[in-house]
Amino acid sequence: MDWTKQWEAFFSNPFWSSSNAFSSHSPGVNIYRRENELLVVVAIPGLEHVHDAEVYIHYNTLEIKATVQLHFEGFELIEEGITQGPFERVIQLPFPVGEKVEAVYENGLLFIQLHRLIPDHIKRKVEIK
């Protein structure tokens, strides 16, 4: 087998598909935890409108979809280091989350605050005031 066929075989491996962590359409994500709360911060520079992004939660899964298009009239793109175009990111969360969710987009960052789902069958102590 010559080297070109080896090269093609290597990069046709599913590992290099667009869904892996090295994809240019995968924004940076940080997840922070505090007791019964999560803060997910997603870097999405260049989002024109908050309606260009969608956030879905289901039990212990967070799904983020967005489309970023950077246009600078009269300029030609010669090097791309900022994610552009549509992307989708599915994140497994460390615990199930409830309906109390807040999402805010500021300065190129999407902040998603989630709260742990506390099932009804768990015994909880109620503080008396």
(request) Return the minimal non-hydrogen interatomic distance between P45 and I82, and the atom names on each side. (result) CG-CG2, 3.7 Å

(message) Can you tell me how far apart NE2 (H115) and CD (E99) are? Round to the nearest 0.5 Å.
(response) 12.5 Å

(message) Quick check against the 3.5 Å criterion: does Y105 have a side-chain atom that pairs as donor or acceptor with the backbone of I44?
(response) yes

(message) In this structure, would L47 and I91 fall into the same cluster of hydrophobic residues linked by side-chain contacts under 4.5 Å?
(response) yes

(message) According to a hydrophobic-cluster definition based on side-chain heavy atoms being under 4.5 Å apart (Ile, Leu, Val, Met, Phe, Trp, Tyr only), do L114 and V104 belong together?
(response) no

(message) I need the minimum non-hydrogen distance between Q69 and E48, along with the two atoms involved.
(response) O-OE2, 3.3 Å

(message) Less than 4.5 Å apart, side chain to side chain, heavy atoms only: is that true for L117 and Y59?
(response) yes

(request) Any chance you could measure T67, atom OG1, to E54, atom CD, to the nearest 0.5 Å? (result) 8.5 Å

(message) Quick check: is V42 connected to L70 through a chain of hydrophobic side chains (ILVMFWY, heavy atoms under 4.5 Å apart)?
(response) yes

(message) For P27, is there any backbone N or O sitting under 3.5 Å from a side-chain donor or acceptor partner on R89?
(response) yes

(request) Using the side chain to side chain contact (heavy atoms under 4.5 Å, CB included) rule, pick out the option among L110, V55, I31 that qualifies with V40. (result) I31

(message) side-chain contact (heavy atoms from CB on, under 4.5 Å), that's the test. Do N60 and Q92 meet it? Break it down for me.
(response) CA-CA 6 Å; N60 66 337; Q92 290 300 122; 3.9 Å; yes

(request) Compare every heavy atom of F95 with every heavy atom of E37, then report the nearest pair and how far apart it is. (result) N-CZ, 4.0 Å

(message) If you apply the rule side-chain contact (heavy atoms from CB on, under 4.5 Å), what do you find for D52 with V68, and how did you get there?
(response) CA-CA 8 Å; D52 293 337; V68 175; over 6 Å; no

(request) Kindly give the heavy-atom pair with the smallest separation between I57 and G98, and that separation in Å. (result) CD1-O, 3.4 Å

(message) Between I112 and V50, is there shared hydrophobic-cluster membership here, with clusters defined by ILVMFWY side-chain heavy atoms closer than 4.5 Å?
(response) yes

(message) Show the nearest heavy-atom pair for residues E35 and R116, with the distance to one decimal.
(response) O-NH2, 3.6 Å

(message) When you group the ILVMFWY residues by side-chain heavy-atom contacts below 4.5 Å and let the links chain together, are Y56 and L38 in the same group?
(response) no

